Amino acid sequence: MDTPPDAARVGPDRRSVLELAAASAAGTLLASAAPRAWAGRQGSDIVLTEAHALSKAIATRKISCVEVMDAYLDQIERVNPKVNAIVALQDRPALIAQARERDAQVARGEIMGPLHGFPHAVKDLFWVKGIRSTSGSPIFKDFIPDKDSPPVARLRNAGAIFIGKTNAPEFGLGSHTYNPVYGATLNAYDQTKSAGGSSGGAAVSLALRLVPVADGGDFGGSLRNPAGWNNVFGFRPSFGVVANAGDVWQAGMGVAGPMARSVTDLALLLSVQAGYDAHAPLSWGSDGRQFLAPLSANMKGKRIAWLGDFGGFAPYEPGVLELCRTALKSFEAIGCVVEDAVPDMAPAPVWEAFIRLRWQQDGMGLVAYYNDPAKRALLKPEAIWEAEGALKLSAVDAAAASAVRTAWFRSVSRLFERYDYLVAPTAQVFPFDVHETWPHEIAGHPMSTYSEWMKAVCLISMTDCPSLAAPAGFGSQGLPIGLQIIAPVRRELDCLQLAYAYEQATRWTSKRPPALLAQA
């Protein structure tokens with residue numbers, strides 16, 4: 001059995017996406033079951049409870065882990081067939097048995113951690129021991145790992161019960177969640193639109209209350225884009241804050257991070273994920289408990305640079321920049337000063353360097369499959385493009401791209417000498433038709449690669465700065481978009497504090513829940 005990539009990295013042809021989307025919309029990927037009658041507490045009360053409050057309720061025995069598990073599994077039965085966000089769902093009796101064990105631990109005073117008894121679905125690019133982990137590829141459609149990925153091990157040690165996986169694109173390639181194993185995941189707000197990606201299944205699961213919190217990964221926007229497109233929060237931390245496999249020999253751009261429906265819940269999950277791991281020697285030795293501190297802080301006088309379209313470099317679909325500019329007024333309302341500003345380095349060479357570093361860091365991991373004709377036939381065109389790019393990349397090219405990245409980091413650092421935060425949209429377009437592989441043009445500008453429509457977000461990945469995606473509101477078609485709140489490297493707490501203040505002023509996740517929740 002081949003081993004798939006044990007890390008989060010950021011489609012078949014156009015016709016196959018149509019077929020995959022149709023299959024997922026028909027709900028063929030989840031066995032149906034009649035809703036169960038509740039005796040006593042309503043399951044809807046449980047799934048609508050924020051994660052930090054749920055954690056306290058479990059620890060104080062105000063609610064049982066079995067009740068929590070039942071409520072979320074019921075919600076999954078009702079809603080998941082409409083969106084195909086959770087895949088590889090485990091058998092209910094076995095999950096209830098695990099919840100009973102967690103209840104017994106609570107009775108003995110043995111709370112494992114903040115996620116004790118939480119039903120949790122792991123992004124399908126990470127390994128979970130004993131659960132099918134496909135990376136969205138038919139090459140690994142039957143692969144069952146015998147160990148957890150480092151980020152998953154931390155979740156397990158904090159008491160999470162793994163109910164299955166959240167859907168992701170093949171090998172995490174592209175900000176649109178579809179694959180030939182499980183099909184397409186549909187947007188929580190419009191089931192004809194993309195959920196974003198690569199953490200699309202995680203974002204939709206959160207928006208529709210299928211899980212209390214969700215994990216994800218981000219290379220070129222995989223935490224930020226789906227968060228923005230589903231009106232939830234996603235956080236790309238600095239490299240090494242969350243330990244991951246695959247970072248032994250170089251500081252890459254792929255990171256793991258949290259997703260949640262509130263900033264407090266986002267901090268709760270990050271407190272579990274963050275910290276040093278001996279299996280990931282470039283992980284950072286910080287204590288994740290720092291993120292459990294109160295997030296309230298005075299934002300008066302904080303200076304924010306609005307990056308916009310990076311001085312005309314990145315085209316945007318009409319309405320995106322306008323909506324995000326409107327959202328900036330909420331920062332001003334809490335006392336921040338917002339100004340237009342961009343780094344003093346031209347972004348075009350940075351984008352070209354990103355492509356080459358992507359080949360080096362992710363494309364190289366696909367070369368073994370590319371070199372096997374049988375496996376190559378199972379790769380989508382974008383994966384083949386990445387592998388072929390890696391094969392033609394010289395050591396000199398890779399070193400030159402790394403030097404450009406260093407220069408870009410220094411340019412952004414100079415901007416941080418004048419500003420406390422940078423802010424930019426989470427995507428260049430609103431959620432697009434789920435039948436498309438990727439946007440081939442934006443506002444009349446052709447996109448030459450499958451990731452170019454996210455290049456403005458990829459520019460932030462090249463800085464290694466923490467970037468927190470927060471809801472910005474809804475466009476004229478009722479589709480959501482988000483804002484990135486960006487702070488200097490390893491200043492994750494700064495991101496959380498500004499996002500918390502912004503959340504108190506906007507309340508988008510509670511103000512505008514998906515219509516599917518009311519229908520369910």
Side-chain angles (χ1 to χ4, degrees), residues 52 216 218 221 223-224 227-228 232-242 253 255-260 262-275 283-307 324 327-328 330-339 341-343 408-426 457 459-472 482-506:
H52 63 278
D218 189 304
L223 280 159
R224 294 163 285 169
V232 296
F233 295 88
F235 197 5
R236 173 197 167 88
S238 307
F239 185 86
V241 171
V242 176
M253 280 183 284
V255 302
M259 303 185 80
S262 74
V263 178
T264 302
D265 289 353
L266 199 68
L268 176 76
L269 183 54
L270 184 58
S271 76
V272 172
Q273 293 176 307
S283 59
W284 189 34
S286 64
D287 186 343
R289 288 177 295 182
Q290 65 176 302
F291 302 118
L292 296 177
L295 298 177
S296 179
N298 184 7
M299 292 294 122
K300 187 174 182 179
K302 295 293 184 181
R303 297 179 60 83
I304 295 175
W306 164 241
L307 301 178
C324 290
L328 295 177
S330 295
F331 292 110
E332 294 174 336
I334 60 177
C336 298
V337 178
V338 182
E339 299 175 350
V342 294
W408 178 243
F409 170 79
R410 290 172 177 163
S411 177
V412 172
S413 295
R414 288 192 291 272
L415 194 58
F416 274 124
E417 292 174 2
R418 293 187 285 133
Y419 295 97
D420 301 293
Y421 298 94
L422 314 179
V423 171
T426 54
V457 180
L459 292 178
I460 303 304
S461 299
M462 288 284 278
T463 70
D464 195 37
C465 292
S467 178
L468 193 158
L483 285 172
Q484 301 179 74
I485 297 172
I486 305 151
V489 171
R490 292 187 176 172
R491 298 282 287 274
E492 279 71 23
L493 190 56
D494 288 5
C495 283
L496 289 165
Q497 288 174 338
L498 179 57
Y500 180 80
Y502 171 80
E503 178 190 25
Q504 304 311 302
T506 57

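Nothing fancy with the numbering, it's 1 onward along the sequence. Just so it is clear, the model here is predicted, and its values are computed rather than measured.
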Can you give each donor-acceptor pair under 3.5 Å made by side-chain atoms of residues 484-493, sequence neighbours left out, with the distance rounded to 0.1 Å?
unit_1, atom_1, unit_2, atom_2, d
Q484, OE1, R224, NH1, 2.8
Q484, OE1, S467, OG, 2.9
Q484, NE2, P425, O, 2.8
R491, NE, D494, OD2, 2.8
R491, NH2, D494, OD2, 2.8
E492, OE2, S238, N, 2.7
E492, OE2, S238, OG, 2.8

Applying ring pair (Phe, Tyr, Trp, His ring centres under 6.0 Å) to F291 and not counting sequence neighbours gives none

Are side-chain heavy atoms of [X] and [Y] found at a separation under 4.5 Å?
{"X": "W408", "Y": "L459", "value": "yes"}
{"X": "V255", "Y": "V241", "value": "no"}
{"X": "F235", "Y": "Q273", "value": "no"}
{"X": "T463", "Y": "L422", "value": "no"}

Go through the steps to decide whether I334 and L498 satisfy the test side chain to side chain contact (heavy atoms under 4.5 Å, CB included), and finish with yes or no. CA-CA 10 Å; I334 60 177; L498 179 57; 4.1 Å; yes

Would L268 and L292 count as a side chain to side chain contact (heavy atoms under 4.5 Å, CB included) here? Give the steps. CA-CA 6 Å; L268 176 76; L292 296 177; 3.9 Å; yes

Value rounded to 0.5 Å, distance of OH in Y502 from CG in L468: 11.0 Å

To the nearest 0.5 Å, what is the distance between CD (Q504) and OG (S330)? 12.0 Å

Which residues satisfy the side chain to side chain contact (heavy atoms under 4.5 Å, CB included) test with V342, sequence neighbours excluded? none

What one should report as the nearest heavy-atom pair of H52 and D265 is ND1-OD1, 2.7 Å

With no hydrogens and no angle check, is any side-chain donor or acceptor of W306 less than 3.5 Å from a backbone partner on C324? no

